There are 4 protein chains.
Amino acid sequence: MIPKKMKAAVLHEFGKPLQIEDVLVKEPGPNEVLVKVITCGVCHTDLHACEGDWPVKPKQPLIPGHEAVGYVVALGRDVQNVKEGDIVGVPWLYSACGCCDYCITGWETLCQSQQNGGYSVDGGYAEYVTADARYVAHFPANINFLEIAPITCAGVTVYKGLKETDTKPGEWVAISGIGGLGHLAVQYAKAMGLHVAAIDVSDEKLQLAKSLGAELIVNAREADPGIYLKKMVGGMHGVLVTAVSPIAFKQGLSALRRKGTISLNGLPPGSFDLPIFETVLNRYTVRGSIVGTRKDMQEAISFAVEGKVKATVRAARLEDINTVFDEMKKGEIEGRIVLEIARP
Amino acid sequence: MIPKKMKAAVLHEFGKPLQIEDVLVKEPGPNEVLVKVITCGVCHTDLHACEGDWPVKPKQPLIPGHEAVGYVVALGRDVQNVKEGDIVGVPWLYSACGCCDYCITGWETLCQSQQNGGYSVDGGYAEYVTADARYVAHFPANINFLEIAPITCAGVTVYKGLKETDTKPGEWVAISGIGGLGHLAVQYAKAMGLHVAAIDVSDEKLQLAKSLGAELIVNAREADPGIYLKKMVGGMHGVLVTAVSPIAFKQGLSALRRKGTISLNGLPPGSFDLPIFETVLNRYTVRGSIVGTRKDMQEAISFAVEGKVKATVRAARLEDINTVFDEMKKGEIEGRIVLEIARP
Amino acid sequence: MIPKKMKAAVLHEFGKPLQIEDVLVKEPGPNEVLVKVITCGVCHTDLHACEGDWPVKPKQPLIPGHEAVGYVVALGRDVQNVKEGDIVGVPWLYSACGCCDYCITGWETLCQSQQNGGYSVDGGYAEYVTADARYVAHFPANINFLEIAPITCAGVTVYKGLKETDTKPGEWVAISGIGGLGHLAVQYAKAMGLHVAAIDVSDEKLQLAKSLGAELIVNAREADPGIYLKKMVGGMHGVLVTAVSPIAFKQGLSALRRKGTISLNGLPPGSFDLPIFETVLNRYTVRGSIVGTRKDMQEAISFAVEGKVKATVRAARLEDINTVFDEMKKGEIEGRIVLEIARP
Amino acid sequence: MIPKKMKAAVLHEFGKPLQIEDVLVKEPGPNEVLVKVITCGVCHTDLHACEGDWPVKPKQPLIPGHEAVGYVVALGRDVQNVKEGDIVGVPWLYSACGCCDYCITGWETLCQSQQNGGYSVDGGYAEYVTADARYVAHFPANINFLEIAPITCAGVTVYKGLKETDTKPGEWVAISGIGGLGHLAVQYAKAMGLHVAAIDVSDEKLQLAKSLGAELIVNAREADPGIYLKKMVGGMHGVLVTAVSPIAFKQGLSALRRKGTISLNGLPPGSFDLPIFETVLNRYTVRGSIVGTRKDMQEAISFAVEGKVKATVRAARLEDINTVFDEMKKGEIEGRIVLEIARP
Ligand SMILES: [Zn+2]
Ligand SMILES: [Zn+2]
Ligand SMILES: [Zn+2]
Ligand SMILES: [Zn+2]
Ligand SMILES: [Zn+2]
Ligand SMILES: [Zn+2]
Ligand SMILES: [Zn+2]
Ligand SMILES: [Zn+2]
């Protein structure tokens, strides 16, 4: 029995707290399904959305959230590869056009006509959410709903970011920033057969990285990551900067060996200083990477389901969302917060 | 008969004019050959060397020049794949270690132990020059010595830079800067089956680009290259910035379509502003590219020998070198200047 | 005004002549369009279909044809990126599932749930044909309907086959078989910046290849293609075998230089003798290639629309189809036959 | 003190037993080093050499062996990156020309002018062996000389063969044949982040594969590997056939999912039946792979030194070589036999 109304966290004005309200449950349109949300991770992007930080603004009122995982409970017209009872995720890439150059070559993340969950359409901070059946993430039974939720955004983002470094098994990659993204990146890199170095300014986080498989760790407050990593192993083949900041970028670049690639995850405003002489002489590659395609998602989930990658999570209630946002602003969060919205 | 002495242009102090002097002809060492120079192109790098512009300084006194083409007239010990009478080029990549990770994977241009012609060893502004037989460029008979000289540096540099954009036949590439490098880049791009757009601030140079095959031209003083090229064809798959300047970089980046790659040729000091949001959201790739490997050289020469690429050159005498440098500083040179040192 | 009935060539029994009949015009279903056919090329695959040659049999009764080009005259439900009046092609890849591993990575040609035009669904030997709007080929105005039709199958097939040889501008590719596929392959290869050698047993066809840009030609009745091409230029980087026959395969393989790739277009029964020692020692790659994706199609069409590739065609009427099939069986056709079904 | 004479196993006539003799110790020539052999693995290729099985015959008299590991004890002229006391391996790729297309692009294994250890030059079945300093394998101190020897041929061969399947972490690869090559391949594949299936006809060997990390095993005498692996996981992304036999090839091909690659290691005479229809329709890639480059060697050794790959070996004395060959002919060997020639 699908109710007419549901509880949701709703944004009415940028910068203001979300309101916990009763809103109508949407009916799934053509190619859409209705998903009963079990958990929904809280992502920095949600905070950016609610603050109105980016040039293109989200819809309003908005139900944020793009890391929802739950059960399909109703199908719209023409739905084909999803059925009631399936466990699915409703990701940032809510839908895409299906026919542009990017969509037909497996790069739907670059589609100019994409819809984004919890941004241009309502998302998962609610008891129910609609999803485009062609773009949902698919899960097997017996998953841990709490731990799996962050894989649908944080996980796939760093997994794709690692792929974009063009490194291969046996090579060295540095993960810069061991937070919600970085602690997953360390695990993905290990599962991909890479040697891993971790860069952060917190010894605690570096110890976490070590326990997750990082073979070298460097506290950027105490040592120059570039000098240290070049001394130890000749430099990195790839670097993934999860916490995109000018200083992290500069340190990451300096840690690269010649012909190395630095991959950037994150969407802050502003710009980096790219040193020309070094970039040309060393044949550096700098590459932006945003979320991941459906294929990346499927692969990222497989690593998690096989137990090779596990998110450090803390549960919260939907009603706690404004507190969670406050903690996020202060940088107080370890791993990821996941909203528990219903029992599995 | 190899004389004991030869005429050469010699740098004794940074920033001072070169001296035309009689110096000893070197004997070729192990793996080396002695080359009687017919022509030697004049490259911006030579000027940088003579001004002492870069952090790592050249040898002193120095005979500059890394675009020499001539005949092998003597062989040192152990030389194997070169014989007397061969026509060879003595490039920037004078030699490399042969056994580092880069050398054994066809990336000797990144060898940390490389020697550079006209920089760490004496170069081609002279009647004779030694070369490492394992690293010379090879030419067939019947070449035009004047026109072919710039291929050994300017040609191979832009050819490699184009390869590094990862574009393929039928895609669009923009060449930013239609000077000594750019006018060759337009031709290479066409020969590689690419659609070509040219960006410059001189209508005259843009007309040259058009006559060489550019299908779109845009004067960056009159129109925004990014807006124009996106309007016309949806943006570029690749951009090659031959005149590395902050404004050219910014314009080139804005001309890219999503997933595009911008490749940088050139070694000025300073840095670029890389906008993070755009780079990540559009999955841009920024890549430095410096000269080219022996394989790149061989390919770049083949295109020229087949008549698909031809440098616009002006001949000068060795004695004119200081005047040529003056013109270069003023940006007055069309195409490339090539020193005619002997008759073929 | 769309009529209720249309003229079509219909297969009722394998191996029997097609019947020219009046049949009902289908209504386009969801995501489908109705296309008024102007031209439809005749492909060997159509003959295979009508003879029932392959393990998986086509529908019956069947309207063959998968090279139809025409105008969209009606839209079914949910059609998005196609509108009435558009000029489209209805290719072999009629539709695919959109959500399997292949579909989401730009390899819909490998989708196990694909429908095939003129095989599992009715095709273009008729005045009207339905098409899946998401999989049609798109054309600009002002095309030559006769010449463009074969691009939608023969053209895209050889273009993809060439891409699958992993060759790049400046390298050598041999086209084995200069018939309906091969004469297009020569042109695509040239447009892609490749050096082209042509192998056939007919001097007339080899002269055609030469006139289309082949730089080397070898009559396999008079010389061993492998020996000749290795003597002339050291062997081929890639070989495309358009007329898949054991002898053509053997000759193609022997023409490869080490590390070369031979790509196979064509679906005859039977098998090839792959010599193990040569394949391993020379690091040969053998690869099958079937039609092309929507992106390949778009690229293949662009080359044709730009005038770089042009099919040699002969017009026929729908009523002539059985005669055309007879000629095809006898191997008497030059280039491609295209049915003119309506005036543009 | 380097003696004038040494003990060696020498072939004087094809098909006859090797003679244990005292022969002169060679002096290292230019670029060469003299290596005091500690261990030398016994490879099937050695048997082929001694039987004269291949079209190009080895030198005679011949000291076989291309898996020698030992200490550098003397340097010839011009040796640069090797010094006395270094631990090196003397592999099949004894030397290459250094300047052909293959040599300058990191594919020296395809050099037409290569020398092969224990084949065209004397090898490691002896107390001393010369080596080209530019092509030796490099080892750190503290290696296990017995276990590391097979890495220099069997190890690098399967590692390269796996790379040539173009699979990536998270995908499935099947190893066909769990013998001296295959038991290493399973370990390399795991270290590269791949899922592994093992195919053999011996339950004992399949259990070994399982203990080394294979997740699926199939006894080809009891089940059809293609049907089983497709049923279990949809088929393989890659297949490595280590025991190149027609039946193994056929089974391997049938285990591939669409777009998969089958890689062949091994040099038997004869040919395979390549089914055309399946190869084209499924876009299969078939690729030969022989030994590995210096870079592959370095990587293969790293995995072993890090403890991720370990050869199953049995020690033998130089005097036992004819008995070892007899066992090899009978297929009685588990893992690899390694000759212990001196104490480390
Ligand atoms: Zn997110
Ligand atoms: Zn799209
Ligand atoms: Zn230069
Ligand atoms: Zn080097
Ligand atoms: Zn599909
Ligand atoms: Zn066809
Ligand atoms: Zn071996
Ligand atoms: Zn070579």
Side-chain angles (χ1 to χ4, degrees), chain B residues 28-33 72 75-83 86 88-91 93-115 131-139 156 159-160 163-164 291-302, chain D residues 28-33 72 75-83 86 88-91 93-115 131-139 156 159-160 163-164 291-302:
Chain B
N31 291 307
E32 286 191 337
V33 294
V72 173
L75 307 181
R77 200 179 67 193
D78 292 340
V79 167
Q80 291 197 305
N81 62 317
V82 177
K83 61 185 190 308
D86 281 2
V88 300
V90 191
L93 187 84
Y94 182 89
S95 68
C97 82
C99 58
C100 71
D101 270 18
Y102 302 106
C103 282
I104 64 175
T105 55
W107 279 91
E108 67 270 19
T109 45
L110 301 180
C111 178
Q112 301 269 14
S113 310
Q114 68 186 270
Q115 297 293 334
D132 188 311
R134 298 165 299 187
Y135 293 88
V136 292
H138 296 269
F139 296 97
V156 71
Y159 173 62
K160 178 69 163 190
K163 286 170 84 170
E164 290 284 43
V291 297
T293 65
R294 285 172 289 178
K295 191 61 169 60
D296 297 320
M297 178 72 82
Q298 168 196 313
E299 294 169 4
I301 289 172
S302 287
Chain D
N31 292 305
E32 286 191 336
V33 294
V72 173
L75 307 180
R77 203 180 66 191
D78 293 339
V79 167
Q80 291 197 308
N81 62 316
V82 176
K83 60 183 190 310
D86 281 3
V88 300
V90 190
L93 188 83
Y94 182 89
S95 68
C97 81
C99 60
C100 70
D101 269 18
Y102 302 105
C103 282
I104 65 177
T105 54
W107 279 93
E108 68 270 19
T109 44
L110 301 182
C111 178
Q112 302 269 12
S113 310
Q114 68 187 271
Q115 297 293 334
D132 189 310
R134 300 165 299 187
Y135 292 88
V136 292
H138 296 269
F139 296 96
V156 71
Y159 173 62
K160 179 66 162 191
K163 288 170 83 170
E164 290 283 43
V291 298
T293 66
R294 286 173 289 178
K295 191 63 168 60
D296 297 319
M297 178 71 83
Q298 168 195 313
E299 295 169 5
I301 289 171
S302 287

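Below, chains carry the letters A, B, ... as their sequence lines are ordered, and counting in each starts from 1. All of these numbers come straight from a predicted model, not from anything done at the bench.
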Residue [X] versus chain D: region with a heavy atom under 4.5 Å:
X: B:R294; result: both
X: B:T293; result: neither
X: B:D78; result: side chain

Counting only N and O atoms by type, is there a donor-acceptor contact under 3.5 Å from the side chain of D:Q114 to the main-chain atoms of D:T109?
-> yes

Considering only heavy atoms from C-beta outward, does the side chain of D:C100 approach that of D:Q112 to under 4.5 Å?
-> no

Distance col, row D:I301:CD1 vs D:F139:CZ, nearest 0.5 angstrom, shows 3.5 Å

Just how far is it from atom CG of D:D296 to atom CD of D:E164, taken to the nearest 0.5 Å?
-> 8.0 Å

Flag the one option from B:R77, B:R134, B:K295 with the top tally of heavy-atom pairs under 4.5 Å to chain D.
-> B:R77

